[in-house]
Protein chains: 2
Amino acid sequence: MVTIYDIAEKAKVSAMTVSRVINESGRISEKTRQRVKKVMEEMHYIPNHMARSLVLQQTNLLYLLITDITNPFYTTVARGAEDAARKSGFRLLFGNSDENLSKEADYIDTILASRADGVLVAPAGDASLPHLSLLRQHKVPFVLLDREVPGIDCDVVLGDSNEGGRALVDYLVSLGHQNIAFVNGSSTVSSARHRLQGYLEGLKQNGLPFRESYCMEASFGMINDLTDMEAWLSSIDPFPSAIIAGNNVLALETIRLLRGRGLSIPSDVSVCCFDDFGPFSEIDPFMTVIAQQAYEFGYQGAQLLLERIKNRDFSEPWSKIVLPTELKPGRSVAERVHES
Amino acid sequence: MVTIYDIAEKAKVSAMTVSRVINESGRISEKTRQRVKKVMEEMHYIPNHMARSLVLQQTNLLYLLITDITNPFYTTVARGAEDAARKSGFRLLFGNSDENLSKEADYIDTILASRADGVLVAPAGDASLPHLSLLRQHKVPFVLLDREVPGIDCDVVLGDSNEGGRALVDYLVSLGHQNIAFVNGSSTVSSARHRLQGYLEGLKQNGLPFRESYCMEASFGMINDLTDMEAWLSSIDPFPSAIIAGNNVLALETIRLLRGRGLSIPSDVSVCCFDDFGPFSEIDPFMTVIAQQAYEFGYQGAQLLLERIKNRDFSEPWSKIVLPTELKPGRSVAERVHES
DNA sequence: GTGAAAGCGCTAACAG
DNA sequence: CTGTTAGCGCTTTCAC
């Protein structure tokens, strides 16, 4: 491996001079600068980030932890975060927790051990608290995306899930639906709680009764065992004319189950959900969704983080950005002429 | 920051002993091991990867470079690669080149500078050659995914694009189509070349003539300026009854343009493409596609890479894995009763 | 079983 | 403008 000492020797200067040329720091005569640069090229020198970070105590490295890399919501978040990071000369690395606390813990370890300058985290849920406390304890600045975690104060970028829930109910009611069920993610995830609350408020605003049996708690992640959801669908009575899913994955699974029961969407049941299906579903937007500004989650989250890193300010007051949502009608919801 | 020296001092041993406890190397009495472990916990010690990698000259770090993080094909590749890497105790970091050579070059620099143990690359195209040569020059093992690059010999995992192209033409012909156009990615990308060849062979097999004007060369990436494609669509004569797109992004753009011209898919024109649209489009598979085993691209690619790293064998013979494709019919292709 | 010394590649601080 | 010294946190080598 070529080091600055190899360069120094060949260019007949000291290692320090080489370092100065690389970092464009300090005053150096144009002549030696050119000579050093030439030797660096000749020897195909590549600086060693680790050695540099070790002495500088900073890595210029940001991490983004998401819970599902195949989910178009998160990949769009990733792109936003990456754009913001690049603009500030930071590198961004991704980790994928799969809604799994132990994978998340692994990534937090990796992040801690690699001394990242900051982290953007979409936490798996409230139980992510110990991981975040660990980051705080080790003074690694972080920003939460999409989900907040009770017990930890920090910058956070959220979607207006509450408003989204109300909008979805309003929309369904305006089309004649009155029996509206809700399959949600785990109540250990803040966005699930807010979405449920929006749903409840929507019902109330429209003078609709809340039925316990109309609500089901599942998981936001890709789970394989759908027995519980299947059982729930069998048990709902009267069967709803519309179902709201807590996110895009749940919508997918719900639709599969409904079709498995021989039901058609939307002629038998209408289905809609939170989160859109990404650019690759735009040609034929089947699902009625509450779209979120995914790119902005990443971009603005990264900006908050970079701001703190630059100012070396890791304390209150914390920012809380709440991004608006937008209802995008698709073909998965139909008008209900008369309620059964 | 807590270092092994802090631990050593408090546990009344030398730093070396602490190091041995951490790495479970060398013989250590159970008593001191326990004491050291206890102190490490008390002091919330986190090992410093950089310092360790600096002396060990290995990072346990793999990179995956993809060309479009929002493309479901690549995110599924990523998941496969991650699973394989984790199984072997390697960390996997992602980079996103956006089909952009200069972003790709930046990532290669970063990878080189951070001394990754290996890289999985979906290259932007043939012009990625210098980047790959750089990796080779610095003895960083790498495996190419999805695309090969003339001029560089290495392990590679490809899809059977040729076969896919023939299958697509066969399928269209079986439905009565004879005027089949092809919007392809850049001919500087190997998969585009193979797909074109499959298309040509498909035509030949079915006794269909090749018309120069039926082929268009665009880009696989999300490009904003669709003027060329628009012009091409205006110029084709006779207008095709079916269009094959070189990948999912091109299919998306083609459909937008066709609809912009007031045409309906599939009643006016049938459209199909290479690459599927990911799990989030499965509920309602609009597009007829040549699906690829995306997960296997990542998984098997990572395995090839890990194999080489473990054996410290970075020379010939190189492996070339060609994964089969599968035609998945959707609603975007219709039967053609009589050809105009 | 345990420790001391040296060095991985780099840069901050100080000299000159 | 340029060089010397010391040290970032860790592990290898060789003693004891």
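Residue numbering restarts at 1 for every chain, and letters A, B, ... go by the order of the sequence lines.
Between Ile7(B) atom CD1 and dT11(D) atom P the separation is 12 Å, expressed in whole Å. The nearest whole Å value for the distance from the CG atom in Leu54(B) to the C1' atom in dT12(D) is 13 Å. As rounded to whole Å, 12 Å separates atom C1' of dC1(D) from atom CZ of Arg33(A). Per the geometry, CZ belonging to Arg20(A) stands 17 Å off C1' belonging to dG9(C), to the nearest Å. Remark: P of dT2(D) and CD of Glu30(A) are 11 Å apart, rounded to the nearest angstrom. In this structure, the NE2 atom of His49(B) is 11 Å from the P atom of dT11(D), given to the nearest Å. Distance CE (Met16(A)) to P (dA15(C)): 16 Å, rounded to an integer number of Å. Going from atom CG of Asn60(A) over to atom P of dT11(C) covers 13 Å, rounded to whole Å.
Set against dC10(D), dC10(C), dC8(D), the side chain of Gln57(A) has dC8(D) as its closest nucleotide. Proximity note for Val55(A) (side chain, C-beta onward) versus dT2(D), dT2(C), dT11(C): the nearest is dT11(C). Considering only the side chain of Ser29(A), dC1(D) comes nearest among dG9(D), dC1(D), dA4(C). Side-chain proximity of Arg27(A) to dT2(D), dC10(D), dC1(D): nearest is dC1(D). Taking every side-chain heavy atom of Ser14(B) into account, dG3(C) is the closest of dC10(D), dG3(C), dC10(C). The Ser19(B) side chain lies nearest to dT11(D) when the options are dC8(C), dC10(C), dT11(D). Proximity note for Thr17(A) (side chain, C-beta onward) versus dT2(D), dT11(C), dC8(C): the nearest is dT2(D).
When the nearest nucleotides of DNA chain D are assigned to Tyr5(A) and Arg35(A) by heavy-atom distance, the more 5′-ward of the two goes with Arg35(A). Each of Ser25(A) and Thr32(B) lies near DNA chain C, and the nucleotide nearest Thr32(B) is the one positioned closer to the 5' end.
A donor-acceptor contact shorter than 3.5 Å links the side chain of Arg115(A) to the backbone of Leu112(A). At distances below 3.5 Å, not a single donor-acceptor pair connects side-chain atoms of Asp155(B) with backbone N or O atoms of Val143(B). Ser97(A) places no side-chain N or O within donor-acceptor distance of the main-chain N or O of Glu104(A), the cut-off being under 3.5 Å. Formation of a donor-acceptor pair under 3.5 Å by the Arg308(B) side chain with backbone atoms of Ser315(B) is found in this model.
Among the protein residues, Ile28(B) comes within range of the sugar-phosphate backbone only, with heavy atoms under 4.0 Å from sugar or phosphate atoms but none that close to a base. Nucleic acid contact class of Leu56(B) (heavy atoms, under 4.0 Å, all strands): sugar-phosphate only. Among the protein residues, Met50(A) comes within range of no part of the nucleic acid, since none of its heavy atoms lies under 4.0 Å from any strand.
Between Asp153(A) and Lys320(A) there is no salt bridge, since no side-chain nitrogen of the basic residue lies less than 4.0 Å from a carboxylate oxygen of the acidic one.
Of the side-chain N and O atoms in Asn48(B), none sit less than 4.0 angstrom from OP1 or OP2 of dC8(D).
Below the 3.5 angstrom threshold, one finds no donor paired with an acceptor across the side chain of Arg115(B) and the base of dG9(C).
Judged by distance alone, the side chains of Gln303(B) and Glu307(B) never bring a donor and an acceptor atom under 3.5 Å apart.
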